[in-house]
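Just so you know, these numbers come straight off a predicted model, no measurement behind them. Lettering of chains follows the sequences in order, A, B, ..., and the numbering in each one begins at 1. In what follows, every heavy atom counts, from backbone to side chain, and hydrogens, waters and symmetry copies are set aside.
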Amino acid sequence: MAKTGSKKRARPRHWLVKSEPGAFSWQDLCDSPERTTCWDGIRNYQARNFIRDEIAAGDLMLFYHSVAKPTGVAGVAEVVREAYPDPTQFDPAAKYHDPGSDPDDPRWLMFDLRAVEELPSFVTLQDLKANPKLGEMLVVQRGQRLSIQPVKAAEWREVLRMGGLQGSMAR
DNA sequence: GCCAACGTTGGC
DNA sequence: GCCAACGTTGGC
């Protein structure tokens, strides 16, 4: 596993995380102690590899509501603790229990996420799809199910602009 | 509720 | 290693 400090790319990087608001919404994040939660339950290898290899403390994330009316980006969150083992994989009672994961070499990782700022105006998926500058953004691609997606710097700026957020975070 | 797209599993 | 079957995601 990558150790802290081994993630050498320029910081901060930008991401998009999906959550079904019926299970955990942007408001739920804001209402959490310290406006922070652990992002557990990731059981997809590509997303796991992002957590393990690329997501670092200080990275910023668009908090996206999937399976919602409407779907779209609700706010900006910050990674406040990077990759550590997701304990639910070892809990037989947990939905995300994975009996195949070795406690000495955990298969699944999580991180901690803190709400930073709500977008003054919610940016819907429809809005994103309608913006030609975002034509290559992963979340607008058909069939894109990855629950943690990298976001390019230009896309990040554009989404924040659309949501009415200017300033330092929009760099 | 429908169904397209995708990821995983398991037989061979 | 192939690929059909299955389960899940997620927009509509």
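- For Phe122(A), the ring-ring contact (aromatic ring centres under 6.0 Å, His included) test picks out no residue, with sequence neighbours left out.
- Taking the side chain to side chain donor-acceptor pair (under 3.5 Å) definition, one finds that Asp91(A) meets it with nothing, sequence neighbours left out.
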Could you list all N or O pairs between the protein and nucleotides 6-9 of chain B that sit under 3.5 Å apart?
residue	atom	partner	partner atom	Å
dC6(B)	O2	Arg145(A)	NH1	2.6
dC6(B)	O2	Arg145(A)	NH2	2.8
dG7(B)	O4'	Arg145(A)	NH2	3.0

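- For residues 134-147 of chain A, the pairs satisfying salt bridge (charged side-chain N to carboxylate O under 4.0 Å, His left out) are Glu136(A)-Lys152(A), with sequence neighbours left out.
- Sorted by first and then second residue, the pairs that involve residues 108-122 of chain A and meet salt bridge (charged side-chain N to carboxylate O under 4.0 Å, His left out), not counting sequence neighbours, are Glu78(A)-Arg114(A).
- The salt bridge (charged side-chain N to carboxylate O under 4.0 Å, His left out) test applied to Lys129(A) returns no partner, not counting sequence neighbours.
- Considering only residues two or more places apart in sequence or on other chains, Trp39(A) meets the side chain to side chain donor-acceptor pair (under 3.5 Å) condition with none of them.
- Of all the residues in residues 67-76 of chain A, Val67(A), Thr71(A) reach under 4.0 Å from DNA chain C with at least one non-hydrogen atom.
- Residues in residues 64-73 of chain A take part in no salt bridge (charged side-chain N to carboxylate O under 4.0 Å, His left out) pair, two or more places apart or across chains.
- Residues of residues 121-136 of chain A that place a heavy atom closer than 4.0 Å to DNA chain C, in numerical order, are Leu125(A), Lys129(A).
- With 3.5 Å as the limit, one finds a donor-acceptor pair spanning the side chains of Ser101(A) and Gln89(A).
- By the side chain to side chain contact (heavy atoms under 4.5 Å, CB included) test, Asp31(A) is found to be paired with Gln27(A), residues two or more places apart in sequence or in another chain being considered.
- Among pairs with a residue in residues 34-43 of chain A, those fulfilling salt bridge (charged side-chain N to carboxylate O under 4.0 Å, His left out) read Arg43(A)-Asp86(A), at least two apart in sequence or across chains.
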